Structure formats: C-alpha cells, structure tokens
Amino acid sequence: MIHVQHLTKTYDDLQRGRFVAVDEVSFSVNRGEIFGLLGPNGAGKTTVLRILSTVLSPTSGIANVAGYDVVTDPAEVRRHIGFVSNNTAIYDRMTAWEMVEYFGRLHGMSASHLNERLETLFTQLRMNDFRDVPGAKMSTGMKQKVSIARAMVHDPPVLIFDEATLGLDVLVARNLLAVIRSLRDAGKCLIFSTHIMSEVERLCDRIAIMHRGKILDSGTLPELRDRHDEHDFEELFFGLLSRHEHADCEALQSHPDGLAPVDFTNPATSMEARS
Amino acid sequence: MNLTSQQKRKKARTAGRPRLSAIWLIYAREMRDQLRDRRTLFTIAILPILLYPLVGMLLLQIAQFTRQHPTSIVVVGTEFLTDAPPLLEGEKFAEGLADNNERLELIHYKWSDIASHSDVAEETSAWVRDGSFDLVIMVPPEFADSSLRGVDEKASVQLLYNVASDQSMVARDRVMTVLSAWRGSWIRDRLATSGVDMTMLDPFKLNDVDIAPERTREAAFWSKLLPFIMLVWAMTGAFYPAIDLVAGEKERGTLETLLCSPALRGEIVWGKLGAVTTFSMLTAILNAGSMLVTSTFVFGQIGLGGANAAMGSPPLAPMLWLLVALVPLSALFSALALAVAAMARSSKEGQYYLMPLMMVTLPLVLLPMLPGTTLSVGTSLIPVTGMFLLVRSLVEGQYATAIMYIPMVAFVTGLCLWMATRWARSQFDDESVLFGGGEQWELSMWVRHLWRDRQTAATPAQAFACGAIILVTLFFGKLAVTDVPTDFVGIAKLVSLPQFAMILFPAIMMALVLTTSVRKSLRIRMPHWTVLPLSVLVGFTLHPAYTLLARSVSYAYPISEEAALAMQPFVQQITDAPWVSIILLMALVPAICEELAFRGFIFGGLVRENGRFRAVVVTAIMFGISHGIVQQSICATFMGLMLGWVALRTGSVLPGILIHFTNNTMSVSMDRIMNSGWEGSQLLMHSTEAGPEYRPVWIIISTLMAVACLLYIASLRPAVDEAKADLVESDLEYIDPTKAIAVSM
Ligand SMILES: Nc1ncnc2c1ncn2[C@@H]1O[C@H](COP(=O)(O)OP(=O)(O)OP(=O)(O)O)[C@@H](O)[C@H]1O
Ligand SMILES: [Mg+2]
C-alpha cells in the first residue's frame with residue numbers, strides 16, 4: 001500500500017546550507033503490516049512521514065500511497081490516509097466531538113454514517129467522558145486520543161503515526177498500541193515512527209533503522225538479529241549507528257577538502273535532542 | 001477497490017478541484033472559532049458599540065463644561081471713552097455691536113482705579129497670563145485726546161490676549177468684531193455729521209445662498225469621513241483574524257492538521273479568506289454604524305447641527321453605497337493580510353509583519369481625503385482611492401459621473417483582488433512559507449551562507465534585494481541632483497551616471513559576488529537566431545503604439561507646467577546634440593543597463609521556483625518605478641510587462657535589449673527622421689504642433705505587425721526552463737566523494 005523509492009528531501013537552511021534531510025530512502029509497506037521507522041532525533045522520520053501525508057513535497061524520488069502518487073494526486077492520497085503526529089494539534093476552541101465530526105465532514109461523510117462512526121470510535125477509544133470538553137482544557141493523553149480519532153474517522157486503509165506515544169503515560173500508551181495492533185488485524189497498512197526500541201520490538205512486523213536521512217538497514221526483527229549477529233535489539237541499533245558514524249568520519253578524513261555540510265567530526269551532535 | 005488506473009486518474013482529477021461544500025465547512029468553522037474567542041468578539045463587536053457612545057458622552061460633558069464658561073473680558077480706562085460713540089452699555093457691549101451678549105462676561109474699570117495701586121500694563125498682563133480673564137481691552141489716557149488718537153502709537157487701544165489659550169483666542173476674535181463694528185458706527189456718525197449720503201457707503205447688498213439640496217450638504221461631510229472610517233476599520237478588522245487564522249494556527253500546530261486532511265489548499269484559502277473578509281466587514285459596519293448613531297445624537301445635543309447643518313445626521317439611504325463598496329475592499333485587505341500573515345510563525349510575529357502592510361495601504365485611503373481630489377481618469381485607476389472616490393460621488397448623488405467611472409474602478413479593483421488572492425493562494429502552496437524559518441539569524445552565518453550557497457542564478461530574495469537597492473539609490477541620487485545642467489556634457493553625465501552606477505553596477509556586483517556564473521545570472525544566452533532581427537522589428541513596430549500610450553497617459557495625468565519648464569533645457573540639448581551621441585546616450589546605454597539589471601539579474605532570480613508571473617509583473621513594476629516621473633513610470637510599466645513576457649519566452653536578456661534600444665532610438669529620432677526630408681517618413685508620420693506624430697493607419701498596421709512578431713516569439717520554447725531550474729547546479733561536491741578525490745589530485 002505504501003511504496004517509497006529513492007525518496008530525497010532537501011531543506012535550504014541558513015546554518016547548514018543545502019541540507020539533505022532524507023537521502024534516497026526506499027521501502028514498502030503492505031496491507032496488514034506495521035512498519036516501524038526507528039531513528040534518533042533529526043534522522044528524518046518526520047520528514048518522510050510528512051511527505052507521505054503530502055504536507056511536504058519530495059525533492060526527488062517516488063512515493064506512492066494506496067495507489068496514488070503523492071505529487072500528482074495529493075488530494076486522493078489524503079483521502080486514503082490518517083496522519084497523527086505531534087505536530088498535528090487539535091483546535092482549542094472545539095470540543096472533542098466537534099473536532100472529529102468536522103474532519104469527518106471534510107472527508108465528505110454523510111451525517112448518519114458519520115454519527116454512527118463517531119459513536120463507535122468514541123467508545124472504542126474510551127473518549128465518551130470528555131466528549132464535550134474543549135481542546136484547550138484537555139490533557140495530553142486526551143488530545144492524543146482525539147487526534148487518533150480524527151485520523152481514523154474515515155476508516156482509512158493507511159495510517160501514519162509519527163511518535164504517537166510521545167508524552168503518554170504507560171496506561172494510555174499500552175491502550176494505543178493495542179488499538180494499533182487491532183488495526184493491523186483489520187488489514188490496515190500502518191507506518192509508525194518512534195525512537196523507543198521496546199515499542200518497536202513489541203509492535204512492528206518490519207523495521208527500518210534511519211540515521212541522518214538514510215535507511216541503514218531494514219527487515220523483520222529476526223532478520224536484523226541474524227544479519228548483525230546481535231540478539232539485543234538496543235545493542236544492534238547502537239552498533240549500526242556508530243558503525244555508520246565511523247564510516248562517515250573516515251570518508252571525511254581521507255578527503256579533507258570535501259566541504260561537509262554537517263559536522264561529522266562530532267558524532268554526538270545528532271544524538272542530542274533538538275532544541 | 002479494483003479500479004483501473006485510468007478510472008483512478010479520473011477520480012483523482014476531480015478530487016483536485018475545490019468543492020463549495022468544503023469551503024463552506026471551513027468557513028463556518030473559522031467563523032465559529034473566532035466567535036468563541038472572547039478577544040475577537042470584544043474588539044469587533046463590543047468595543048465599537050461601547051466606545052463611540054462613551055466618547056460621545058465625554059464630548060457632551062466637555063461641551064457642557066465649556067458652555068458654563070462664557071468669555072470673560074475686562075475693559076480698562078472707561079473714563080477715556082468720552083467723545084466716542086458708546087462702546088459699553090452697563091455691563092455689556094453697546095446694543096448692535098455684539099451678536100450674542102449673553103455669552104460674554106464683561107467687567108470694566110477706570111484707569112485710575114488700577115493706576116492708584118500698581119502699574120496698569122503689568123497688572124492687566126498678569127490677569128490674562130494667569131487666566132483670570134480671557135482678554136483685556138486697554139484704553140490709555142492718551143486716547144482721550146482726540147488730536148493724538150489717529151496718529152500716536154501711545155493712544156492706540158490695546159488688546160491683551162494669550163495665544164496659548166483657546167478661550168483667549170476666541171475672545172479676541174469676538175472682540176475684534178465688536179471693535180470693528182464700533183469703528184464702523186463711529187465712521188458713519190462722522191460722515192453723517194459732515195453731510196455725506198449714507199447710501200453711498202453701501203453700493204450693493206450681498207446675500208450668499210447655498211443652493212445645494214439639504215441632502216447633499218450633509219452628505220458632503222459624511223461622504224468624506226465615513227468611507228475613511230470604514231476603510232480604516234475594514235483594514236484593522238482584517239488584520240487580527242488573519243493573524244489568528246494563519247500565524248496563530250501555525251503556532252498552535254493546527255494548520256498541519258488541516259493540511260493533511262482532504263481539504264485542498266485552495267479550499268482552505270477560500271474558507272479562511274471568507275472568514276477574514278466577514279470579520280473585516282463586520283468591524284467596519286459596526287464601527288461606522290455606532291459612530292453614526294452616536295454622532296447624530298451628540299451633534300444634535302451640542303447644537304452644532306440644525307442651522308448650519310454641515311454635520312447634521314447623515315442621509316442613510318445613499319450610505320448603502322458604502323456597503324456595496326465595502327465588499328471588494330474588505331476582500332482585498334483580507335487577501336493581503338492573509339498572504340502577509342502566512343509568512344509569520346506566530347501571532348506576535350504576524351503583528352510585526354502587518355504594520356508595514358498598513359503603512360503601504362494607508363496612503364491609498366488617505367489620498368482621497370486630500371482637498372481637491374476628485375474622480376478622474378487618473379484617480380479612478382488608483383486602487384482603493386478610485387473606489388473611495390466613486391463611492392463619494394454616489395453618496396453625493398452625482399450618478400452621471402459615477403457611472404462613467406464604474407468600469408475602470410471595477411476593473412482596477414477586480415485586478416487587485418485577483419492578484420491579492422493569487423498571492424495568498426501561492427503562499428499556501430509554498431512549504432518554505434508554511435514550514436520554514438524558526439532558526440536564529442546571525443550576520444556572520446548569513447554571510448557565510450550567501451557565499452557557500454552561491455548558485456548559478458540569483459535567488460528570488462537576492463533579486464528583490466537588487467531591485468530595492470536600485471530603486472533606493474535612484475531615489476537618493478535624484479535628491480542629490482539639484483539643477484539641470486545646461487550643456488551636453490552635463491546632461492550626458494546626468495543620464496549615464498545613474499544608468500551605470502545605480503542600475504548596472506548593483507546588478508553586476510551582485511552577479512559577481514552572489515552567483516557562480518555572471519553570464520547565466522544575467523541571462524546572457526543566445527535565443528533562437530530568428531528572435532534577434534524580430535526583436536528589432538518589434539521595437540520599431542511597437543513604437544507607434546507606445547507613443548499613443550504615452551500620449552493617453554499624459555492626457556490622463558497631465559504633466560505639471562513647472563515640471564515641463566524644468567525639463568526645457570534638457571529637451572533643448574537633446575534636440576541640438578549630434579544624432580549618434582544621442583542614440584548612444586538615450587538608447588544604447590539605458591537599453592543595456594536597464595535590461596541587464598531588470599530583465600537580466602532580477603528577472604532570473606524572480607522567475608525561479610515557478611515564479612513566471614511574479615517575474616514578469618514585479619520586474620515591470622520595478623522598471624516603471626525606476627523612471628521617476630509618474631507619467632513615464634506608467635508607460636514604462638506597460639513596456640516592462642511586454643519586455644518581461646518576451647524575456648520569459650526567449651529565456652534571454654538579448655531580445656529585450658534590442659527591443660528597448662530600437663524603441664528608444666525611435667523616440668529620440670522622430671524629429672530628425674521627419675526633418676531629414678526622406679519621403680518615406682511622410683507615409684508613416686505627419687507633423688503636428690506638438691511635434692511629429694504617427695499616422696493612425698500606420699499605428700494600426702504597425703501594432704498588428706508587432707503582435708504577429710510577438711505571436712511568433714510566443715510559439716518558441718526557451719532552451720532552458722528557468723522557472724523549474726534546480727537551485728544548485730554545481731555545488732553538490734560534498735555528496736559525491738569521487739569528485740573530491742578528483743579535485744585533490
Ligand atoms: N523546515 C525545515 N527547515 C530546515 N530543516 C528542517 C526543517 N524541518 C526539519 N529539518 C531538519 O531535517 C532533519 C530531519 O528532521 P525530522 O523532523 O524529519 O527528524 P525526526 O527524525 O522526525 O526527528 P525527531 O525524532 O526529533 O522527531 C533535522 O535535522 C531537522 O533539523
Ligand atoms: Mg519527528
């Protein structure tokens with residue numbers, strides 16, 4: 001349902017000049033599958049997912065979602081996806097119910113169908129007790145639930161979650177993961193970005209490890225373990241990352257006059273939280 | 001779900017069209033959202049409803065306060081008014097001297113009363129200075145001596161007043177009338193005693209009658225003030241919702257939610273634009289309405305209305321025209337505000353951005369308030385101002401005039417509206433506008449960025465900067481020139497210096513420093529070879545149409561006599577100088593300098609990132625403004641549009657240089673061709689009092705020929721598509737390590 005080939009995105013940035021945030025990324029996700037995009041801060045996960053949701057346009061490469069190209073048919077792509085990210089906030093002056101209803105109507109759902117769907121969603125996500133609370137008065141967990149309900153209101157075949165568990169307590173996060181699993185069982189195609197390993201281990205069918213805009217490796221968890229001969233996933237992740245850093249440093253040292261847009265000599269920079 | 005790809009494409013295409021239902025949905029949500037916001041409601045509805053009555057009440061209070069304070073006047077030296085007609089009558093001025101004795105408080109003293117204990121002049125000055133009295137009339141002892149009265153300064157009646165006090169100034173005016181009436185009656189007495197016939201003093205009676213119908217008289221005041229109030233409020237009313245609906249939503253993160261919903265960018269823009277326009281109109285109507293109601297009431301109370309009904313209550317029915325005009329203007333302001341607000345990342349930043357917008361639009365609203373500005377061909381073509389003046393004439397009932405200008409005003413307003421909405425639309429398609437920025441700015445970093453990220457052509461920002469530098473230096477350059485030189489060398493300097501130093505130099509410098517290829521950034525490319533001779537032909541055949549345009553422009557906006565007179569020595573020198581040097585100076589130099597700057601460097605920057613339309617329009621406007629004189633600027637802007645279009649079609653600056661050169665050559669050569677005695681010239685032109693002019697037939701034929709040439713040029717495709725050209729062409733070394741090896745070897 002999602003096919004990404006040689007996707008590249010560059011930003012023009014004052015500090016770093018022309019900055020390659022996503023570099024020739026390719027992967028595909030099938031129906032009934034949860035695909036995990038794992039990477040440290042600034043790896044380019046959000047950028048990939050924003051391109052898939054047509055909010056950003058790719059610099060080059062192809063991204064196809066539910067049979068539609070994100071560049072030529074962005075409107076159709078948006079009809080077939082639900083996008084939840086920590087950048088997609090909810091309106092302060094709208095209640096939970098109004099919010100979800102509004103997006104349902106933007107999807108062109110009929111009133112009766114929409115009402116039915118809202119009732120099921122609100123029950124499924126346990127949102128009935130804050131139906132009429134305006135966004136400004138909700139807690140982070142409530143807001144996240146509303147966002148998820150908003151993304152699922154039109155029952156899209158493709159769901160994109162960008163760090164959906166960010167800021168949620170264990171209870172709500174578990175609940176959310178359960179919802180995601182049930183969506184997979186219902187045959188949806190899910191793509192899920194995070195930097196929390198345990199979530200990936202428990203949830204994802206296939207995983208891609210991203211760093212500095214590149215996919216370092218991808219495959220199912222057992223495949224990855226086999227390939228790198230490392231049972232502990234966290235060790236695997238760090239090993240992969242540091243090997244990549246190392247290769248970059250060497251490349252730089254052998255060609256000192258190659259102007260680097262990123263400070264490769266300090267591998268720690270990209271691991272720090274973005275300010 | 002098993003659709004063929006063709007069916008899918010078809011469905012996808014329909015999905016890309018804006019739907020009315022979605023626009024309405026977004027509009028309704030934005031409206032509801034704003035109405036749930038206490039701040040918006042307060043500024044838009046509550047404030048005007050409360051503000052004007054409060055101010056009105058205050059005014060009433062002040063009015064009552066001033067009414068309780070009649071003007072107080074002291075007369076000193078009453079004992080010396082002996083052999084004159086009576087000035088005073090008890091505690092008042094004499095009958096017939098003052099119109100309204102009631103609001104005067106008059107006290108009088110004998111000179112000796114005061115002189116007995118202090119100096120009169122000092123004492124009375126102190127009274128006026130400390131405000132115990134508004135005015136003192138001093139009749140000095142010498143006044144009593146009738147032989148001194150007419151000649152000696154010392155014998156003159158003195159008025160002591162304080163210019164810093166309004167009350168005192170009012171008192172002075174009133175006393176002046178009283179005294180001149182007094183003097184008149186004195187003269188009349190004297191003449192009567194010497195036996196002059198009194199009717200001789202008044203050869204005729206004067207009676208001025210205002211025949212304007214009641215309605216117009218009141219409308220005249222309101223038709224000036226009310227549109228102004230409404231437009232200012234329409235602007236303010238558009239700003240705050242625009243900031244909240246775009247910058248505010250960006251800040252709160254809800255914009256991205258909307259962008260990843262099935263709503264199209266177009267639907268979002270139209271929905272938001274609708275909401276902002278509604279608020280703009282509501283603010284304007286509520287404010288103007290509240291002001292009308294209050295002022296009617298207050299003026300009635302104070303009594304300023306009534307007899308001299310300059311400010312009576314306004315006639316309501318004609319004011320409805322205002323509402324009609326408010327719709328497009330509100331939409332215009334809203335679209336502009338929306339486009340500007342889109343650049344901001346937060347509400348706070350949005351307010352910084354809207355201030356300059358206000359500064360740009362305010363003069364258009366203020367211009368019609370200047371005395372003597374009336375609806376004419378010229379003013380009707382100025383955006384906002386034209387609409388304002390049109391409404392004014394409608395309100396005043398001058399329907400005949402108004403109808404004549406409706407098409408022009410409607411066209412200009414429509415055009416502006418279209419451009420503004422297009423801009424707003426393009427802002428929402430630009431991801432660097434929606435997601436960009438946020439980083440901190442540092443000079444050294446920026447300079448490094450400029451150098452490190454040099455590209456083959458200018459960036460749009462650099463192009464704008466180049467245009468701004470050129471226009472600003474030209475402006476200051478113009479200020480520096482105080483007098484027009486009278487010899488040819490001086491004129492040659494005057495013309496060529498700005499061309500080289502202020503137009504060409506900045507462009508070349510920026511091309512050298514900020515780009516990697518001077519040739520490409522100035523767009524010096526060889527177009528298809530046929531274009532070059534055709535360009536000369538276009539320049540030649542378009543010149544008649546251009547002169548026609550220039551003449552109509554100077555008819556619509558006549559050149560002032562002083563300006564024409566100041567230009568006289570200049571024109572004289574140009575006519576007398578040798579032909580070749582004139583062509584060099586007036587045709588070759590401007591053609592090369594201006595084209596390289598405007599259709600070269602600036603155009604090349606603006607056309608990128610799909611800015612074809614932007615490149616053509618903005619360079620034309622900059623080119624126009626660079627001409628300094630309004631009439632020339634207008635013609636040059638039209639010329640610039642054509643040149644820009646040719647530049648776009650050919651992808652090169654060369655055709656523009658040729659057209660520009662030929663056109664200017666024709667302009668400076670018409671006289672000489674006419675006088676050369678060449679017979680062919682008679683076919684094309686004939687001489688008139690204002691110099692040689694083209695024959696109408698030739699104007700038509702030549703324009704057709706020019707259009708044919710331009711159509712041919714339109715059919716060509718430029719060798720490189722600059723609009724889609726990649727930003728960086730040669731700077732990718734760091735991605736390809738092999739290249740770095742090659743360099744190091
Ligand atoms: N609008 C922008 N302009 C310039 N650079 C940007 C922009 N948005 C993102 N970037 C840069 O692109 C890179 C990738 O960012 P992205 O948000 O995709 O990372 P991420 O993997 O989602 O990180 P995180 O885990 O912190 O969310 C970062 O280095 C970021 O600084
Ligand atoms: Mg992210």
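Given the structure is predicted, the values throughout are model-derived calculations rather than measurements. Quick note on labels: first sequence line is chain A, next is B, and so on, each numbered from 1.
For the pair A:Met94/B:Arg32, a side-chain contact is recorded, criterion being any heavy-atom separation below 4.5 Å from C-beta on.
Between B:Glu256 and A:Val55 the shortest heavy-atom distance is CG-CG1, 4.1 Å. Taking both residues in full, the closest heavy atoms of B:Thr257 and A:Ala89 are given as OG1-O, 2.6 Å, listed atom of the first, atom of the second, then distance. When every heavy atom of A:Tyr102 is checked against every heavy atom of B:Leu25, the shortest pair comes out as CE1-O, 3.8 Å. Between B:Glu431 and A:Ser57 the shortest heavy-atom distance is OE1-N, 2.8 Å.
Looking at A:Asp92, the atoms closer than 4.5 Å to chain B (heavy atoms on both sides) all sit in the side chain, from C-beta outward. For a residue to count as touching a neighbouring chain, one of its non-hydrogen atoms must lie under 4.5 Å from one of that chain's; by this rule B:Leu255 does not touch chain A.
Residue-environment remark: CZ (A:Arg31) stays at or below the threshold of 12 foreign heavy atoms within 6.0 Å. Counting non-hydrogen atoms of other residues, nucleotides and ligands closer than 6.0 Å to NZ of A:Lys143 gives a total above 12.
Here the side chain of B:Arg36 pairs a donor or acceptor atom with the backbone of A:Arg93 at under 3.5 angstrom.
Under a 4.0 Å N-O distance rule, the pair A:Glu98/B:Arg29 does not qualify as a salt bridge.
Here the straight-line distance linking atom CZ of A:Arg78 with atom OG of B:Ser261 works out to 6.5 Å at 0.5 Å rounding. Distance check: B:Cys260 SG to A:Leu49 CG gives 11.5 Å after rounding to the nearest 0.5 Å. The CZ atom of B:Arg252 lies 12.0 Å from the CD1 atom of A:Ile90; values are rounded to the nearest 0.5 Å.
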Practice item. Let me see the working for A:Tyr91 and B:Leu258 under side-chain contact (heavy atoms from CB on, under 4.5 Å), right down to the final yes or no. Key: CA-CA 10 Å; A:Tyr91 291 110; B:Leu258 196 57; 3.9 Å; yes
Donor-acceptor list for residues 103-114 of chain A side chains, cut-off 3.5 Å, not counting sequence neighbours:
| from | atom 1 | to | atom 2 | distance (Å) |
| --- | --- | --- | --- | --- |
| A:His107 | NE2 | A:His154 | ND1 | 3.2 |

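Between chain A and the options B:Asp37, B:Ile26, B:Leu259, heavy-atom pairs under 4.5 Å are most frequent for B:Asp37.
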